[in-house]
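All ligand and atom numbering here is 1-based and tracks the order in the structure. Note that the structure is predicted; figures quoted are calculated from it, not measured. The analysis underlying the following values was restricted to heavy atoms, covering all of them including side chains, and did not include hydrogens, waters or symmetry mates.
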Amino acid sequence: MSVAENLDNIKKQIRDAEKASGRKEGSVKLMAVSKFHPGDAVIQAINAGQFLFGENRVQEAAAKFPPIFEQYKNVELHMIGQLQSNKVKHAVQIASCIESVDRIDLLKEIEKQCAKIEKSIKVLFEVHTGEESKSGFPDEIAVRNTLELCANGDFPHVIPAGFMTMAPFTKDEKLIRKSFITLRELKEKLSKEFSQFDLNELSMGMSGDFKIAIEEGSTLVRVGTAIFGERDYSK
Ligand SMILES: *Cc1c(COP(=O)(O)O)cnc(C)c1O
């Protein structure tokens, strides 16, 4: 199957899942996760109408995307992987959103680097919601503390936009669903407490579990393998 056919397929499945769970058509956005796949694959997806991409390694993204941005003005990139502070400088140059904010120090560095280039950037707070996944803020208290600093005006170049999580790597649908429910409930609570921000983005769901994520309120699914095929980690 080609990238274009895979994209068609996934979009159909997203629409079906929206309908089945009584959600408005078009309420779920699709991100194509292109990590470990070459720029050619990204261009195939762009030619099939895809414009939002996700990468999890800054070095790889910084090599792949700038020439693509030159040619395709409406292409957007989100960083979705664990981010070391020394990579933030390059990350904020190429991304419109950092979805993997998991600590206050990272937010400080994002603010510092964005101030230098006078850029505002969206962020999502990644939350640890499943037993096996290790990344993300450990709990609601940690996220609330961080949002309080944002509300306090500590990070004027940072736009808090919502939350992200990765479900545990398991076949147990109940555990996966539980992880998505945890994130949705946290969003419902914190978006009320911090109503000065629009915290409505819920980035959850990948190739294997995006239907469950949509049933539980996802607004953004991050799909790699089902679009581009298996990744070759030996590269
Ligand atoms: C790789 C990755 C994805 C995509 O995973 P697939 O199973 O290939 O769809 C989604 N989210 C994050 C954070 C990732 O690192």
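Under a 4.0 Å N-O distance rule, the pair Lys29/Glu201 qualifies as a salt bridge. With respect to Arg177 and Glu215, a salt bridge is recorded, a charged nitrogen being found less than 4.0 Å from a carboxylate O.
Counting heavy atoms from C-beta outward, Phe36 and Phe228 have side chains that stay 4.5 Å or more apart.
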- Task: Show your reasoning for whether side chain to side chain donor-acceptor pair (under 3.5 Å) applies to Ser2 and Gln44.
- Result: CA-CA 9 Å; Ser2 70; Gln44 283 175 41; over 6 Å; no
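Listed as neighbours of ligand 1 are Val33, Lys35, Asn56, Ile80, Met166, Met206, Ser207, Arg222, Val223, Gly224, Thr225, Arg231, each bearing a heavy atom under 4.0 Å from the ligand.
In terms of hydrophobic clustering, with Ile, Leu, Val, Met, Phe, Trp and Tyr side chains grouped at heavy-atom distances under 4.5 Å, Leu183 and Val221 are assigned to a common cluster.
Qualifying salt bridge (Lys or Arg N to Asp or Glu O under 4.0 Å) partners for Lys189, counting only residues two or more places apart in sequence or in other chains: Glu140.
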